[in-house]
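Quick one: this structure, given as structure tokens, is what I'll be asking you about.
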Amino acid sequence: MTDTYIQNLFAERIGGRQYGKSSAIYKFEKIKRAKRAALAANPGAEIIDMGVGEPDEMAFPEVIEELGREAREPDNRGYADNGDAQLKEAAARYLERVCGVPGINPETEVIHSIGSKAALSILPAAFINPGDYVLMTTPGYPVFGTHSKYYGGAVHQLPLTEANHFLPDLNSVPAPVLEKAKVLVLNYPNNPTGASASPEFFVKVVDFARQHRLIVIHDAAYAALVFEGKPLSFLATPGAKEVSVELHSTSKSFNMTGWRCGFVAGNELLVKAYGDVKDNTDSGQFLAIQHAAAYCFDHPEITERIAAKYSRRMDSLVQVLRQAGFNARKPSGSFFLYVKAPKAARPKNGTRIEFKSAEEVSQWLITEKLISTVPWDDAGPYLRFSVTFIAQNPGEEKRVLDEVRQRMEGTQFEF
Ligand SMILES: Cc1ncc(COP(=O)(O)O)c(C=O)c1O
């Protein structure tokens, strides 16, 4: 096909004149293709999908009912813009009751989001000028960095390693980068490592932010999915509200990824700036959805039930993987189990297969074992197993995990 003039009109940030011409295949597309090929080679077989980053269940029935009721309210029909009081007030109550963060002013210190992804794509517009740096953890959820680069900013990656308990080494940032840095983006419990932060680490972050005049964006998408104790909010750290906003979402905590609703809370001026850009970006989430989300934030026992399910699945998966030789340890939250990828596998027939990367392991697991995971090679080769695989009840969960055990049996992995 010959190019039309359209080909010359793309912005450099998405590839300029080369837009759409690259034949590079990205990680998630490779996984999709490998799954398709594995199914074609094994018709009727069951792929066990441990790669999915979203809940396997629907929202709870009472939340769906709430949505139905609210959807019928004529007053909820129009543009929501930056939202009415319901979600803001529920968010402030939630932060106090569930996260131990008292005193959030719902009028000035909370605004809803159409999901945290949307908030992470909006926030850079408020802070990033060309040449500014953002400090982000790697591996990680890249959206804030991608948009920062769109605005001419640069990303300095802080590797998350086992040696540092998957917390960034803040002292590793070179002075010239720190001078130009404006924002530090954190996410705990973390995707993909499943690691949790500690209150002590958050105290260090507040000090670091003050010392280097940084804004902290804490992406708390998995904050409430904890297996023991209470969720840890960055905003519960003394002084945090002076330097940060925190992003909460109903997606993972309430099985509502498709509903697109969360909130941004914290420093009043930062929330205001988010609201100003948001006002020029979207017209707000449907009020009925916001009100159903408000219902959720007033019913944290829903999340506790979801977390208990993941905890149970995690216990079994850790056992299965340990039996297969992986150094799997149960995280304290999220639904991700992050394990070091093997260097080689020796199946029953004795042939030794060497892997150069986690991506190669993941491809092999799909092709040979019909088990899908997500590989990460950003800070050492690791595989992410999600306990969001589809299973309707504990009996079905057991069946799926027994199946994983059987498929792994007889293969020796070298690490
Ligand atoms: C770390 C992290 N942040 C944000 C999101 C997006 O959340 P939401 O559905 O609220 O946009 C995800 C989704 O996978 C995530 O893993």
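We're numbering straight along the sequence, starting at 1. Both ligands and their constituent atoms are indexed starting at 1 by order of listing.
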Number the atoms of ligand 1 from 1 as they appear, then name those within less than 4.0 Å of a heavy atom of R260, with their elements.
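Counting atoms of ligand 1 from 1, those under 4.0 Å from R260 are 8 (P), 9 (O), 11 (O).
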Under a 4.0 Å heavy-atom limit, does S116 contact ligand 1 with its side chain, its backbone, both, or neither?
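S116 to ligand 1: contacts from backbone and side chain alike.
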Interfacing atoms of ligand 1 (cut-off 4.0 Å, heavy-atom, K117)
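Answer, ordered by atom number: 6 (C), 8 (P), 11 (O).
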Apply the test salt bridge (Lys or Arg N to Asp or Glu O under 4.0 Å) to residues E96 and R93: give CA-CA distance (whole Å), side-chain angles for both, the deciding distance (0.1 Å), then the verdict.
CA-CA 5 Å; E96 173 151 18; R93 282 192 295 273; over 6 Å; no
What orientation do Y188 and F202 show, parallel under 30°, tilted 30 to 60°, or perpendicular over 60°?
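The arrangement is perpendicular - the two ring planes meet at more than 60°.
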For K369 and T411, which I'm curious about, is there any donor-acceptor pair between the side chains at under 3.5 Å?
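Yes - a donor-acceptor pair under 3.5 Å links their side chains.
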If I compare all heavy atoms of K278 with all of S113, which pair ends up nearest, and what's the gap?
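For K278 and S113, the tightest heavy-atom pair comes out as CE-CA, 4.4 Å.
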Passes salt bridge (Lys or Arg N to Asp or Glu O under 4.0 Å), R407 versus E403? Steps please.
CA-CA 6 Å; R407 291 186 193 185; E403 184 65 34; 2.8 Å; yes
Salt bridge or not for D402 and R405, using N-O below 4.0 Å?
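Yes.
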Anything under 30° is parallel, anything over 60° is perpendicular, the rest tilted; go ahead and classify F413 against F415.
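Rings of F413 and F415: tilted, as their planes differ by 30° to 60°.
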Any N/O of D219 closer than 3.5 Å to an N/O of ligand 1?
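D219 vs ligand 1: N/O contact under 3.5 Å present.
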Which of the numbered atoms in ligand 1 are below 4.0 angstrom from a heavy atom of G115?
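With G115 as reference, the close atoms of ligand 1 come out as 10 (O), 11 (O).
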Measure K252 to ligand 1 on non-hydrogen atoms and call it side chain, backbone, both or neither using the 4.0 Å cut-off.
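The part of K252 near ligand 1 is the side chain, not the backbone.
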Just jot down the ligand 1 atoms closer than 4.0 angstrom to any heavy atom of N187, in number order.
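Under 4.0 Å from N187, ligand 1 has these atoms: 1 (C).
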Picking from F227, F336, F335, F385, what satisfies ring pair (Phe, Tyr, Trp, His ring centres under 6.0 Å) with Y310?
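Exactly one pass, corresponding to F335.
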Return the closest protein heavy atom for atom 9 (O) of ligand 1 as residue, atom name and distance.
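Looking only at protein heavy atoms, the one closest to atom 9 (O) of ligand 1 is S251 OG, 2.6 Å.
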Students should be able to answer this: which protein heavy-atom is nearest to atom 6 (C) of ligand 1, and at what distance?
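Looking at atom 6 (C) of ligand 1, the protein heavy atom closest to it is Y141 OH, 3.4 Å.
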S249: numbered ligand 1 atoms lying under 4.0 Å from its heavy atoms:
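Every atom of ligand 1 under 4.0 Å from some heavy atom of S249: 8 (P), 10 (O).
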T257 N/O to ligand 1 N/O under 3.5 Å:
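Min N/O separation from ligand 1 is not below 3.5 Å for T257.
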